[in-house]
Amino acid sequence: MIQKIESPQNVVAFEAIGEITADDYTNVVEPAIKELIKQINEINFLFLIDTEIENFTMAAWMEDAWIGLKNLGKWNRAAIVTDSEKAIAFTDKFSYVVPGEFKGFRKDAFHEAMNWVAGIANKEIDNHYN
């Protein structure tokens, strides 16, 4: 399941737990992204992966890609927070092929990731964002 987590007003943030399906993207992620675009006309996105990558169904990956493509010109910053080194490396390289900045963070750098996505330099976001 994907659930929305608390974040600054200019960020949409989510946590993935257990099995992730296309419905999670359709019912949780996509509406929140649409609302953020209405508010600030760009996407600042944080995704905390608290499950194994293998728990994402193929349909979930396809829906993830579709959301990304539909909003290609709106991406500003996106952080993927995980302990998967492969996912972090992939995310770090993503900025080279699509508009916006994409960066991978380890879970112990969650607050740094949230600050980065929100564009808050050298400030600590309250510890309740996790």
Side-chain angles (χ1 to χ4, degrees):
M1 121 172 98
I2 296 176
Q3 59 189 15
K4 194 170 178 192
I5 57 176
E6 193 170 348
S7 63
Q9 289 183 336
N10 69 327
V11 174
V12 287
F14 306 93
E15 181 177 20
I17 303 167
E19 184 181 57
I20 309 304
T21 67
D23 287 344
D24 292 315
Y25 283 92
T26 303
N27 298 324
V28 179
V29 177
E30 190 168 18
I33 287 175
K34 283 181 179 179
E35 185 60 33
L36 185 65
I37 291 171
K38 278 187 207 175
Q39 291 175 10
I40 66 170
N41 200 34
E42 67 182 12
I43 303 168
N44 297 308
F45 178 90
L46 182 136
F47 196 52
L48 172 60
I49 301 175
D50 256 345
T51 189
E52 298 298 319
I53 299 297
E54 295 79 21
N55 287 336
F56 285 74
T57 66
M58 181 55 71
W61 287 119
M62 292 174 64
E63 190 62 29
D64 177 63
W66 178 241
I67 290 171
L69 289 172
K70 283 194 304 189
N71 299 295
L72 194 59
K74 299 292 184 184
W75 291 95
N76 182 44
R77 287 189 172 183
I80 304 301
V81 182
T82 178
D83 285 337
S84 166
E85 292 300 329
K86 288 181 183 178
I88 290 170
F90 178 80
T91 302
D92 288 345
K93 291 179 175 106
F94 210 62
S95 288
Y96 296 113
V97 294
V98 296
E101 296 178 72
F102 293 77
K103 190 171 180 182
F105 293 86
R106 294 193 57 79
K107 286 182 189 176
D108 62 1
F110 176 85
H111 296 292
E112 178 185 346
M114 188 68 81
N115 287 346
W116 179 80
V117 170
I120 300 171
N122 300 320
K123 292 183 183 176
E124 181 69 26
I125 290 180
D126 292 338
N127 287 334
H128 64 275
Y129 295 118
N130 60 10

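Rounded to the nearest 0.5 Å, atoms CG (Asp23) and OG1 (Thr57) are 9.0 Å apart. Summarising the geometry, atom CD1 belonging to Ile43 is positioned 4.0 Å from atom CD1 belonging to Ile37; distances are rounded to the nearest 0.5 Å. Summarising the geometry, atom CD1 belonging to Ile40 is positioned 7.5 Å from atom CG belonging to Asn76; distances are rounded to the nearest 0.5 Å. We find the CD1-CG distance between Ile33 and Asn44 to be 11.0 Å, quoted to the nearest 0.5 Å.
Contacts of Phe102 classified as ring-ring contact (aromatic ring centres under 6.0 Å, His included), with partners at least two apart in sequence or in another chain: Trp75, Phe94. Taking the side chain to side chain contact (heavy atoms under 4.5 Å, CB included) definition, one finds that Met1 meets it with Gln3, Asp24, sequence neighbours left out.
Judged as a ring-ring contact (aromatic ring centres under 6.0 Å, His included), the pairs with a partner in residues 1-20 (not counting sequence neighbours) are, in order, Phe14-Phe45.
The minimum heavy-atom distance linking Glu30 with Ile67 is given by the pair CB-CD1, 3.9 Å. Nearest heavy-atom pair, Ile5 versus Glu15, reported as atom, atom and distance to 0.1 Å: CG2-CB, 3.9 Å. Listed here is the closest heavy atom pair of Ala79 and Val117: CB-CG2, 3.3 Å. Closest approach of Asn10 and Ala118 over heavy atoms only: ND2-O, 3.0 Å. Closest non-hydrogen pair, Arg77 versus Gly119, comes out as NH1-CA, 3.8 Å. The minimum heavy-atom distance linking Thr26 with Pro31 is given by the pair O-CD, 3.3 Å.
By the criterion of side-chain heavy atoms lying less than 4.5 angstrom apart, applied directly or through intervening Ile, Leu, Val, Met, Phe, Trp or Tyr residues, Phe90 is grouped together with Ile20 in one hydrophobic cluster. Met114 and Trp116 fall within the same hydrophobic cluster, where Ile, Leu, Val, Met, Phe, Trp and Tyr residues are linked whenever their side-chain heavy atoms come under 4.5 Å apart, directly or through other members. Note: the hydrophobic cluster containing Ile88 does not contain Phe105 (ILVMFWY, side chain heavy atoms under 4.5 Å, direct or indirect links). Note: the hydrophobic cluster containing Met58 does not contain Ile2 (ILVMFWY, side chain heavy atoms under 4.5 Å, direct or indirect links).
For the pairing with Val81, the side-chain contact (heavy atoms from CB on, under 4.5 Å) check across Ile49, Leu46, Thr91 returns one residue only, Leu46.
The backbone N or O of Gly104 sits less than 3.5 Å from a side-chain atom of Asp92, completing a donor-acceptor pair. Distance alone, capped at 3.5 Å, places no donor-acceptor pair between the Thr51 side chain and the Ile17 backbone.
When the shell of 6.0 Å around NZ of Lys107 is examined, it contains more than 12 heavy atoms from other residues, nucleotides or ligands. Summarising the local packing, CD of Glu85 is surrounded by more than 12 heavy atoms from other residues, nucleotides or ligands at distances under 6.0 Å. Within 6.0 Å of CD in Glu52 there are 12 or fewer heavy atoms belonging to other residues, nucleotides or ligands.
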